[in-house]
Amino acid sequence: MDKAYQPAGEEKIYQLWEEHQAFTPTVPSSPSSARRHREPFVIILPPPNANDPLHAGHALYTVEDIMVRFHRMLGDPTLWLPGTDHAGIETQFVFEKYLQKEGKSRFDYDRSTLYQLISDYVSEKQGIAISQMKRLGFSLDWSRLKFTLDEDHTHRVYAVFRKMVEEGLVYRGEKIVNYCTRCGTAFSNLEVNYQEEVTKLYYLKYGPFTLATTRPETKFGDTAVAVNPKDPRYRQYVGQEITVEGLIGPFNVKVIADDMVDPKFGTGVVKITPAHDPDDFEAGLRHGLPIKKVIGLDGRLNELTGKYAGLKVAQAREQVVADMAQKGMIVKVDDNYVHRIGRCYRCNSVIEPMVTPQWFVKVDPLARPAVKAVEEDRVKIFPKRFKKTFLTWMANIKDWPISRQIIWGHRIPAWYVLDGTPQAVVSFVDQDKQIQSGFWKDLKGKFSFDLIKSGLQSLTVPADTKFYLSENEANEHGQYVLQETDTFDTWFSSGQWPYSTLGWSPDGRHSPDFEYFYPTTVLDTMWDILFFWVARMIMMGIYVTGQVPFRVAHMHSRVLDGKGQKMSKSKGNVINPIDIVNNYGADALRLALVIGVAPGSDIALSDDKVRSQRNFINKIWNASRFVLFHLDQFVVDNPQNITSLSPANFQKSQLKSKEDKEIIDKLDKLICSVTKNFNSYHFGLASESLYQFFWHDFCDLYLESVKSRSQEALPVLVYVLITSLKLLHPFAPYVTETIYQILGPKLNLEPLLLAKSPWPSPAP
RNA sequence: GAGCUUGUAGCUCAGUUGGUUAGAGCGCAUCGUUGACAUCGAUGAGGUCACAGGUUCAAGUCCUGUCAAGCUCACCA
């Protein structure tokens with residue numbers, strides 16, 4: 001043995017585990033009845049992005065590895081199923097940046113070509129995350145590796161979508177959504193970052209009123225003006241039609257009364273622009289107001305705005321304000337108005353609320369059973385405080401927009417017949433690689449349908465257009481059939497991950513894996529995707545399988561940099577876990593991430609912390625070296641008595657010395673407390689007590705005390721060491737296995753792998 | 001505006017269901033080791049457990065309030 005532990009050997013140990021298929025459980029021939037006898041322990045890995053290397057947060061999947069290794073040693077049939085995520089918007093965004101560097105853009109390609117390009121790009125990078133997970137020692141069953149765009153997963157997602165359509169849970173609607181004009185897609189509320197920003201608040205002359213607005217440029221889309229019903233100042237106007245002077249001519253709007261208006265804000269009068277403001281949109285629904293769109297999906301004012309058409313929103317605002325000022329239409333300007341602006345979580349552009357046709361999931365029927373399951377702890381959320389967060393969020397959940405205007409993802413399986421849909425808008429790349437776009441009715445005379453179809457980039461049809469769930473069916477109703485070009489929100493497909501990866505089948509003939517492993521046991525992830533993902537999985541899982549997808553939702557910590565700062569590329573404080581592994585070994589990193597960390601609290605990953613754990617790993621190594629040295633001597637002296645040292649033959653009652661009894665007592669207590677802490681997800685405590693025991697009780701006290709009688713104490717030394725290695729193994733699989741591989745043959749230990757050896761119980 | 005979390009040694013934090021003199025790592029001081037240990041060991045300094053009340057035989061741990069910090073959610077133009 002080297003004087004110090006060499007993490008360089010860790011990769012060989014991982015190979016050893018793989019050769020023995022140590023992480024692949026066997027599925028019994030009658031899975032469902034076997035499951036009734038003994039429930040397996042199952043975790044589905046939250047799939048990391050296929051095209052990205054791991055970041056420090058991913059290293060916290062260590063927590064899952066700890067649980068899985070523990071249960072494997074307990075003898076539970078154990079599965080930890082790996083996968084990677086196509087991560088729709090994220091990946092397309094990264095790829096577009098890459099295209100940009102090449103001087104190209106996504107608009108240079110038709111849909112299927114672009115898809116293929118991204119697909120190639122991703123598969124080129126996909127291996128990185130996987131090899132990094134292996135490097136971290138994750139005991140995943142690679143024989144079951146999945147990808148979110150795998151054909152079988154896609155089929156299941158489609159089948160569930162059709163079921164939802166047939167049961168009225170999916171609808172199309174013209175609704176106001178958060179639209180990023182840069183990314184060219186809608187986002188859910190969760191994907192918008194709101195920031196307080198200082199802007200201007202303009203007080204405009206508006207018919208008989210003066211009103212305050214931050215968005216004068218949307219005046220062209222106003223279809224009403226609102227006051228509070230209780231406001232005496234304006235009561236006389238309610239219900240009347242007023243004439244407002246505009247930059248492109250006067251227009252008429254109705255005065256409505258609505259509680260949404262706060263009489264104390266501004267002048268107590270609000271202009272209503274249903275097409276470009278979420279509140280106004282709601283007000284429009286309440287009062288039956290027309291929706292007048294004046295901003296296009298390209299972020300520019302449209303033809304309804306006269307000379308302002310073609311200007312981007314920000315430019316238009318400047319121009320409009322200047323013109324209004326000239327005409328004396330601005331009463332005053334508040335320069336320091338602080339309010340919240342929504343920005344795209346990907347590219348930070350200002351989110352433009354837009355009314356567009358989108359696909360929605362009616363969420364209420366899905367949410368109610370999910371809420372119930374959590375309330376009744378059929379899905380236990382740990383730490384408990386997140387349960388309340390979950391329930392309040394679910395109580396306010398709105399219908400879920402599931403369509404995204406990107407191509408990297410599951411294309412929505414709906415087909416339209418264009419024959420009777422003159423308002424359909426298509427854009428496509430023609431034979432000269434030029435983009436053509438416009439109404440289908442205008443283009444169909446100029447281009448062949450086949451050309452449009454093959455060069456298609458996007459198709460937009462009104463929300464009430466009839467759609468079909470298969471191309472064949474659509475073909476029966478017309479000649480010109482195109483598939484929806486929107487893709488599913490990533491969370492719509494990953495929300496189905498637990499049952500889909502295990503082989504749920506729409507026809508009820510599920511795979512043995514599904515019968516045996518579903519529902520899974522624990523879902524562990526960081527709390528930031530509790531709503532994005534965990535909530536969706538619970539809803540979809542119950543809806544589709546009638547069972548919760550997992551019994552426990554375990555929220556792990558967030559990893560911060562050494563100073564407790566959030567890591568970000570812009571700050572340049574991103575820690576690459578693999579760098580740490582290369583410097584100090586995977587075990588040191590794993591321990592540093594869990595030791596003494598309270599459940600759900602943030603963790604600052606400092607170099608100091610990793611180094612101190614590296615020292616601990618080295619301590620384990622050297623204590624073993626000490627034992628090995630005396631063991632070798634024993635073998636020389638008593639080659640035939642080796643079985644007397646085997647931990648299997650260890651008898652507590654035969655101990656004579658006080659130190660021997662004490663250390664075994666402490667070890668027994670340790671076994672109990674570690675086991676208990678494992679079962680209650682207190683890994684921070686478990687690792688801390690192991691650290692304390694091994695370093696201080698075993699090394700500093702016991703080991704020092706027996707130096708004068710090491711041969712006599714050898715059975716105790718061997719027993720305590722081997723037992724400790726087992727207890728430590730979930731945290732530090734590499735050193736412990738390495739040592740076991742050295743000691744094992746000398747002691748004729750069974751089994752051959754520590755990873756497959758049984759969890760210790762107190763000494764007999 | 002609502003909710004959640006945090007406030008314990010110089011620094012970073014543990015302390016799960018309330019129970020003996022409040023702990024760890026790093027740092028610091030003194031000494032000792034280099035035949036298990038890129039060191040390691042021994043000893044020590046250092047905390048009115050944010051503040052004020054309350055429940056209890058007993059509170060860092062439960063309750064109420066105050067102060068401070070952070071996070072999340074929310075439709076105020």
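When reading the values below, keep in mind they use all heavy atoms of this one structure, side chains included, and skip hydrogens, waters and symmetry mates. Just so we're on the same page: letters track the sequence lines, and every chain starts at 1.
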Show your reasoning for whether salt bridge (Lys or Arg N to Asp or Glu O under 4.0 Å) applies to A:Lys219 and A:Glu245.
CA-CA 11 Å; A:Lys219 187 175 172 186; A:Glu245 191 193 346; over 6 Å; no
Going through the checks in order, is the side chain to side chain contact (heavy atoms under 4.5 Å, CB included) test met by A:Asp262 and A:Asn228?
CA-CA 7 Å; A:Asp262 176 359; A:Asn228 191 288; over 6 Å; no
Kindly indicate, with the supporting measurements, whether the criterion side-chain hydrogen bond (donor to acceptor under 3.5 Å, both in side chains) is fulfilled by A:Glu197 and A:Tyr337.
CA-CA 8 Å; A:Glu197 293 182 25; A:Tyr337 179 62; over 6 Å; no
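Taking atom C1' on both nucleotides, B:G25 is separated from B:U21 by 23 Å, rounded to a whole Å. Nucleotides B:U6 and B:U55 place their P atoms 25 Å apart, quoted to the nearest Å. Separation of the P atoms belonging to B:C62 and B:A14 is 15 Å when rounded to the nearest angstrom. Spacing of P atoms, B:A42 relative to B:A52, comes out at 38 Å, to the nearest Å. Taking atom C1' in both B:G19 and B:G60, one finds a spacing of 13 Å when rounded to whole Å. B:U43 sits 49 Å from B:G3 when the C1' atoms are compared, rounded to a whole Å. When the P atom is used for both B:G53 and B:G15, the distance is 28 Å, rounded to whole Å. Separation of the C1' atoms belonging to B:A45 and B:U30 is 11 Å when rounded to the nearest angstrom.
If you take CH2 of A:Trp527 and P of B:U72, they are 7 Å apart, rounded to a whole angstrom. Nucleotide B:U72 holds its P atom 12 Å from the CZ atom of A:Phe532, rounded to whole Å. Note: NZ (A:Lys175) to C1' (B:C75) measures 15 Å, nearest angstrom. In this entry the distance linking CG of A:Asn189 with P of B:C75 reads 7 Å, nearest Å. B:C76 atom P lies 7 Å from atom CG of A:Asp279, rounded to whole Å. In this entry the distance linking OH of A:Tyr194 with C1' of B:C76 reads 13 Å, nearest Å. Between the CZ atom of A:Arg215 and the C1' atom of B:C75 there is a distance of 15 Å, given to the nearest Å. One atom, CD of A:Glu191, and another, P of B:C73, lie 12 Å apart when rounded to the nearest Å.
Atom OH of A:Tyr194 has more than 12 neighbouring heavy atoms from other residues, nucleotides or ligands inside a 6.0 Å radius. Other residues, nucleotides and ligands place more than 12 heavy atoms under 6.0 Å from the CD atom of A:Gln240. Counting heavy atoms of neighbouring residues, nucleotides and ligands inside a 6.0 Å radius, atom NZ of A:Lys293 exceeds 12 of them. Within a 6.0 Å radius of NZ in A:Lys387, other residues, nucleotides and ligands contribute more than 12 heavy atoms. In the displayed structure, A:Lys205 atom NZ is contacted under 6.0 Å by at most 12 heavy atoms of other residues, nucleotides or ligands.
Using a 4.0 Å cut-off between charged nitrogen and carboxylate oxygen, A:Arg558 and A:Asp528 do not count as a salt-bridge pair. Between A:Glu282 and A:Lys175 there is no salt bridge, since none of the side-chain N atoms of the basic residue sits less than 4.0 Å from a carboxylate O of the acidic one.
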Can you tabulate the close N/O pairs, meaning under 3.5 Å, that link protein atoms to atoms of nucleotides 10-17 of chain B?
residue	atom	partner	partner atom	Å
B:C13	O2'	A:Gly596	O	3.4
B:A14	OP1	A:Ser601	OG	3.0
B:A14	O2'	A:Glu688	OE1	3.3
B:U16	O2	A:His682	ND1	3.2
B:U16	N3	A:Asn677	OD1	3.4

Would you list the protein and nucleotides 4-8 of chain B atom pairs, both N or O, that sit under 3.5 Å from each other?
residue	atom	partner	partner atom	Å
B:C4	OP1	A:Lys388	NZ	2.8

Would you give me the side-chain donor-acceptor pairs under 3.5 Å for residues 711-722 of chain A, sequence neighbours excluded?
residue	atom	partner	partner atom	Å
A:Gln711	NE2	A:His630	O	3.2
A:Glu712	OE2	A:Arg709	NH1	3.2

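A:Ser612 comes within 4.0 angstrom of sugar-phosphate atoms only, judged by non-hydrogen atoms across all strands, and of no base. Within the 4.0 angstrom heavy-atom criterion, base atoms lie near A:Asp262. Within 4.0 Å (heavy atoms only), A:Arg340 reaches at least one base atom of the nucleic acid. Contact annotation for A:Tyr206: no contact, since no heavy-atom pair falls under 4.0 Å across all strands.
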For RNA chain B, please output the secondary structure as dot-bracket, reading 5' to 3'. Pairs are Watson-Crick or G-U wobble, both atom distances under 3.5 Å; mark crossing pairs with [ ], other-strand partners with |, unpaired with a dot.
(((((((..((((.....[...)))).(((((.......))))).....(((((..]....))))))))))))....
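Residues satisfying the ring-ring contact (aromatic ring centres under 6.0 Å, His included) criterion with A:Tyr584, sequence neighbours excluded, are absent altogether.
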Sequence-aligned protein contact record of nucleotides 28-47 of chain B, with B where the base is within under 4.0 Å of a protein heavy atom and S where only the sugar-phosphate is
--------BBB-SSS-----
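For the pairing with A:Tyr206, the side-chain hydrogen bond (donor to acceptor under 3.5 Å, both in side chains) check across A:Thr267, A:Thr213, A:Asp222 returns one residue only, A:Asp222.
With hydrogens and angles disregarded, a donor-acceptor distance shorter than 3.5 Å links the side chain of A:Asp277 to the backbone of A:Asp280.
Both the sub-6.0 Å distance and the 45° axial angle are not jointly satisfied by A:Arg385 relative to the ring of A:Trp527.
Along RNA chain B, the nucleotide closest to A:Asp608 and the one closest to A:Ala212 are compared, and the more 5′ of them pairs with A:Asp608.
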